[in-house]
Amino acid sequence: MTRNWGDQETEHRISAVTETHWKTRLFLVEPAPGHSIAFWEWDDPHKGRPVAVEGDLSAHGMRFAVVVSRWNAVITDRLLQGALDGLYRSGASRRDVQVIRVPGAWEIHLASAKSRGKWPMVDAVITLGVLLRGETAHYEAIYNEVSRGIAIAAGNRHPSMPSAVLTCENLEQALKPRRHQGGQ
């Protein structure tokens, strides 16, 4: 290949792409006689590592159902406000977010499982609630059934179903601000 740069004519030489024995591809460019530059890349850019599946943080154009328990509203209303704030800051439109209120945590998974059929297709169902152990004996039974029901609804119906059903010993623990525990 011959190129004209100003008044000088320079000859560029490019070799054919060749496979190497160390699992790469290579070609050489000689911009001037005696000066070579090698360009290479791995045959497998991931070098045997798994390919990461990553999403972006944009909720623009997506539809959401937010199922929230009325029981312990002093807590669940805060969870709802945080979820809505996150959705709207990520680009979700208010018309694409439907809030479904249910009496208590027990009904969360039932409403989640039915939300797809009663409202046009949703991209995610977000479940919000709180269970307080208190002095009741049925805490474990409710927690187990709610968790199982959400897992079944997520597995059968929805590609994305984040859940924030808190399980706390008492109201004080549920209201206590949490700090991120990882890394810092």
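- When all heavy atoms are compared, the tightest approach of L128 to A83 is CD1-CB, 4.1 Å.
- Of the charged side-chain nitrogens involved, none lies within less than 4.0 Å of a carboxylate oxygen, so that R70 and D77 do not count as a salt-bridged pair.
- Following chains of ILVMFWY side-chain contacts shorter than 4.5 Å, one can reach V74 starting from V99, so the two form part of one hydrophobic cluster.
- Checking side-chain atoms of E107 against main-chain N and O of G104 turns up a donor-acceptor pair under 3.5 Å.
- To the nearest 0.5 angstrom, D85 atom CG is 11.0 Å from L80 atom CG.
- Taking each heavy atom of T76 and G129 in turn, the nearest pair found is CG2-CA, 3.8 Å.
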Q: Any chance you could lay out the side-chain hydrogen bond (donor to acceptor under 3.5 Å, both in side chains) test for W71 and S69, step after step, and finish with the verdict?
A: CA-CA 5 Å; W71 194 259; S69 168; over 6 Å; no

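- Y88 and M62 fall within the same hydrophobic cluster, defined by Ile, Leu, Val, Met, Phe, Trp and Tyr side-chain heavy atoms under 4.5 Å apart, directly or through other members.
- Counting heavy atoms from C-beta on, the side chains of V68 and I100 never come closer than 4.5 Å.
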Q.
Go through it in stages, so that I can follow the logic: the residues are Q98 and F64, the test is side chain to side chain contact (heavy atoms under 4.5 Å, CB included), and I'd like the CA-CA distance, side-chain angles, deciding distance and then a yes or no.
A. CA-CA 6 Å; Q98 181 179 7; F64 299 90; over 6 Å; no

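- In this structure, CH2 on W42 lies 9.5 Å from NZ on K23, to the nearest 0.5 angstrom.
- Atom-to-atom distance recorded for R25:CZ and E41:CD is 4.0 Å, nearest 0.5 angstrom.
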Q) Are L87 and V66 close enough, and set up right, to give a side chain to side chain contact (heavy atoms under 4.5 Å, CB included), and what steps lead you there? A) CA-CA 10 Å; L87 290 171; V66 182; 4.2 Å; yes

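- F27 and I37 fall within the same hydrophobic cluster, defined by Ile, Leu, Val, Met, Phe, Trp and Tyr side-chain heavy atoms under 4.5 Å apart, directly or through other members.
- Not a single donor-acceptor pair under 3.5 Å links the side chain of T24 to the backbone N or O of T20.
- Screening V125, D96, V97 for a side-chain contact (heavy atoms from CB on, under 4.5 Å) with R63, the sole residue that qualifies is D96.
- With E30 contributing its side chain and G34 its backbone, the two residues share a donor-acceptor pair below 3.5 Å.
- L28 and V17 are not part of a single hydrophobic cluster, where members link through side-chain heavy atoms under 4.5 Å apart.
- Contact annotation: the side chain of S93 never approaches that of H60 to less than 4.5 Å [non-hydrogen atoms, C-beta and beyond].
- The distance from atom CD1 of I126 to atom CD1 of I108, rounded to the nearest 0.5 Å, is 12.5 Å.
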